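Take a look at the structure set out below.
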Amino acid sequence: MHPLLGVSGLNKVYEGSGRRVEAVRDLTFTVDAGELVCLVGPSGCGKTTLLKCMGGLLTPTAGEVHLSGRKVTGPPPGMAFVFQEYGRSLFPWMRVADNVELPLKQKNLPKSRRRELVADALESVDLSDAASAYPWQLSGGMQQRVAIARALAYEPEVLLMDEPFAAVDAQTRADLEDLVRRLWRERGITILFVTHDIDEAVYLGERVIVLSASPTVVQEQLKVDLPDERDQIHTRVTPRFAELRTHVYEQIQAAKRGVVREAPVTKSDTPPLH
Ligand SMILES: Nc1ncnc2c1ncn2[C@@H]1O[C@H](COP(=O)(O)OP(=O)(O)OP(=O)(O)O)[C@@H](O)[C@H]1O
């Protein structure tokens, strides 16, 4: 079976204004259909660059991205994004429902189907009653839920999320994390979630891919063997959660010092239970 998403030998060099930055050196990993994978790495390690290459928004200098066996050369129809800056990703002059509906207009769906998808997505993020509000009338967390609804309504195969909760307060963030896990379980979407927050990566992911400092390679892949049912109060205080987060933390520290593990990439590479 082919993985749904494949990144092979990805390299990205930015050149211009007398500056040459090798943001991503050599990245190879795959994501299976229905997985929820978190990518975590030090600040500036090229996470956004990687997601933009995966989403066909940037052309890699070398290497390839495949979605369902097809090479990505531009934004693929089966992918949706949620970015960190919800304030900039929603149109302030459009009502919530219109913001959610906008990308669907490219899909040539009848108006009635579009309305159905919008209503369903807003209900999923618990915002049905905000359909006719403007984004600026909502809190930051609510605006990010609108951005999530817009991505859901599009019915993507893959959802790419780039530090989507970095700008909201801690309590809202916890709620949004639980929302992502719930939507993932209910809808069976494949999710690639980028974060620099180690706890968030371990709490959310079924697998964590640790990236090195720039120029970036995969430092390690770690299977998160926490129970499927997770909750903010109990999961985060389990000994296993602490072990996993410590392990990822150590890997990131090693990555910052430039120590790459000798056998970095195995899916079953989970620190032993103590
Ligand atoms: N358009 C660009 N032109 C030149 N250099 C760039 C460009 N975009 C990113 N870079 C450089 O590439 C490197 C990786 O940047 P990127 O934004 O991908 O990292 P990141 O891991 O997402 O960062 P953060 O965690 O701080 O959001 C940085 O050194 C950055 O300065």
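Because the structure is a prediction, the values reported are computed rather than measured. When a ligand or atom number is given, it counts from 1 through the structure's own listing order.
Considering Glu206, Glu186, Glu229 in turn, Glu206 is the only one that fulfils the salt bridge (Lys or Arg N to Asp or Glu O under 4.0 Å) rule with Arg181.
Counting Ile, Leu, Val, Met, Phe, Trp and Tyr side chains that sit under 4.5 Å apart, directly or through other members, Leu102 shares a hydrophobic cluster with Phe91, Trp93, Met94.
Under the side chain to side chain donor-acceptor pair (under 3.5 Å) criterion, Thr190 pairs with no residue at all, not counting sequence neighbours. Shown here are the ring pair (Phe, Tyr, Trp, His ring centres under 6.0 Å) partners of Phe81, two or more places apart in sequence or in another chain: Phe83.
No more than 12 heavy atoms of other residues, nucleotides or ligands lie within 6.0 Å of CD in Glu123, so this atom counts as exposed by the packing criterion. The 12-atom threshold is not exceeded at CD of Gln171, counting heavy atoms of other residues, nucleotides or ligands nearer than 6.0 Å.
Ordered by chain and residue number, the residues placing a heavy atom less than 4.0 Å from ligand 1 are Tyr14, Arg19, Val21, Ala23, Ser43, Gly44, Cys45, Gly46, Lys47, Thr48, Thr49, Glu163.
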